[in-house]
Amino acid sequence: MVVASAFDFSDHKAAAYAPQMTLDMYLAFPEDASKLIEVVDGWIVRCESAEPSHQAIQLNLLIAIREAAGLRDRTKQSCHRVLGDMDVLIADSPKLHFRRPDVVVYRCIDDDRGRWGRKPIAADCLIAVEIVSADSVTTDIRDKRAEYAAADIPHYWIVRMTDNDGPAISVERLLLTSDGEYTREGLAIRGRDFHAIDTISPFPLKLTWEALDEGL
């Protein structure tokens, strides 16, 4: 396990403007700074703080998926974790590349695995979920779709909000095919479909639009 040394603002500032972010640099970041970025091919990508509508939908999804995954785990004697805003390592060399899905389902990790500790790598992940905000439309719909497919994450779910600010208006579920591309497994649209999510893959889950929007 890597323990970061005492934080020096001048070092942090220099790292933030460095041409490439390395894993060592990222691990030395304090938690409040590391939560504000993703790293794509070594480049820092600043993450905006989510709006309340985004956070409400994220929490409702996390709870619903966690309950469904837990039921399947008890039946199948498997083990998965369901968390929000968790770093998922896509590559640490030759350039650092990680994303932080709004919700991620990944197999349980019991032991530290090098410098990434017990955080998941892409190969651990079963589902990545992104809730599209006004500043993340292209990233979530195009960029992350390509990245998660290339990283072999089996399921990618994309939630769209009305005017990108809530309430939820659609949920697209994508499934990775044998040729390494995502194909649409399901698309729920508010006003047409009673459930926002109604699936048995990768485990049974039904969630109404009202439940998805609770707390907005």
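Computed over heavy atoms, backbone and side chain alike; hydrogens, waters and symmetry mates excluded.
The two atoms that bring Asp110 and Arg118 nearest to each other are O-CZ, 3.0 Å, heavy atoms only. Considering every non-hydrogen atom in both Ile90 and Ala151, the closest pair reads CG2-CB, 4.2 Å. The shortest heavy-atom contact between Glu130 and Lys144 is OE2-NZ, 3.1 Å. Scanning all heavy atoms of the two residues, the minimum distance from Val82 to Ile65 falls at CG1-CG2, 3.9 Å. When all heavy atoms of His54 and Ser133 are compared, the closest pair comes out as CD2-OG, 3.0 Å. Across all non-hydrogen atoms, the minimal contact from Leu216 to Ala56 is CD1-CB, 3.4 Å.
Expressed to the nearest 0.5 Å, how far CD of Glu181 lies from CZ of Arg145 amounts to 8.0 Å. Going from atom NE2 of His80 over to atom CG of Leu126 covers 5.0 Å, rounded to the nearest 0.5 Å. To the nearest 0.5 Å, the span separating CD on Glu147 from OG1 on Thr139 amounts to 8.5 Å. The CD1 atom of Ile44 lies 10.5 Å from the OH atom of Tyr26; values are rounded to the nearest 0.5 Å. In this structure, the separation between CG on Leu27 and CZ on Arg115 is 6.5 Å, given to the nearest 0.5 Å. Expressed to the nearest 0.5 Å, how far CD of Gln55 lies from OG of Ser53 amounts to 9.0 Å.
Between Val88 and Tyr148 there is no side-chain heavy-atom pair separated by less than 4.5 Å. At a threshold of 4.5 Å between non-hydrogen side-chain atoms, the residues Met161 and Val132 do not count as touching. With contacts defined as side-chain heavy-atom distances shorter than 4.5 Å, the pair Leu83/Arg66 qualifies. Counting heavy atoms from C-beta outward, Leu89 and Leu96 have side chains that approach closer than 4.5 Å. Taking the side chain as every heavy atom from C-beta outward, Leu61 and Ile197 approach each other to under 4.5 Å. Side-chain contact between Glu172 and Arg184 is present, with heavy atoms from C-beta onward closer than 4.5 Å. The side-chain heavy atoms of Arg160 and Ile141, taken from C-beta on, include a pair separated by under 4.5 Å. Taking the side chain as every heavy atom from C-beta outward, Arg113 and Ile121 approach each other to under 4.5 Å.
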| said: Pair Asp73, Ser78 - check side chain to side chain donor-acceptor pair (under 3.5 Å), show working. | reply: CA-CA 5 Å; Asp73 282 343; Ser78 54; 2.5 Å; yes
| Stepwise side-chain contact (heavy atoms from CB on, under 4.5 Å) test for Asp85 and Gln58 | CA-CA 10 Å; Asp85 297 320; Gln58 178 184 18; 3.3 Å; yes
| field | Derivation of the salt bridge (charged side-chain N to carboxylate O under 4.0 Å, His left out) call for Glu38 and Arg99 | value | CA-CA 6 Å; Glu38 294 176 322; Arg99 289 293 194 178; 2.7 Å; yes
| Stepwise salt bridge (charged side-chain N to carboxylate O under 4.0 Å, His left out) test for Arg107 and Asp124 | CA-CA 5 Å; Arg107 66 179 179 83; Asp124 299 317; 2.9 Å; yes
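Leu176 is connected to Ile158 through a chain of hydrophobic side-chain contacts under 4.5 Å among Ile, Leu, Val, Met, Phe, Trp and Tyr, so both are in one cluster. Hydrophobic cluster membership differs between Val104 and Leu212, with clusters built from Ile, Leu, Val, Met, Phe, Trp and Tyr side chains linked at under 4.5 angstrom. Following chains of ILVMFWY side-chain contacts shorter than 4.5 Å, one cannot reach Leu175 starting from Val103, and the two form parts of different hydrophobic clusters. Residues Met86 and Ile127 fall into different hydrophobic clusters, defined by Ile, Leu, Val, Met, Phe, Trp and Tyr side chains chained together at heavy-atom separations under 4.5 Å. In the hydrophobic clustering of ILVMFWY residues, with side-chain heavy atoms under 4.5 Å counting as a link, Ile37 and Trp116 come out together.
Judged by distance alone, with hydrogens and angles left aside, the side-chain atoms of Asp213 form no donor-acceptor pair with the main-chain N or O of Pro167 at under 3.5 Å. When atom types are taken as modelled, the side chain of Ser170 and the backbone of Ile189 share no donor-acceptor pair closer than 3.5 angstrom.
As a member of the Ile/Leu/Val/Met/Phe/Trp/Tyr network built from side-chain separations under 4.5 Å, Ile63 groups with Leu59.
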Please tabulate, for side-chain N and O atoms in residues 201-209, each donor-acceptor pair with protein atoms closer than 3.5 Å (sequence neighbours left out).
| unit_1 | atom_1 | unit_2 | atom_2 | d |
| --- | --- | --- | --- | --- |
| Ser201 | OG | Glu185 | OE2 | 3.1 |
| Thr208 | OG1 | Ala211 | N | 3.1 |
| Trp209 | NE1 | Asp193 | O | 2.7 |

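Atom CG of Asp179 sits in a crowded spot, with more than 12 heavy atoms from other residues, nucleotides or ligands closer than 6.0 Å.
Classification of the Tyr156-Tyr182 ring pair by plane angle, with boundaries at 30° and 60°, yields tilted.
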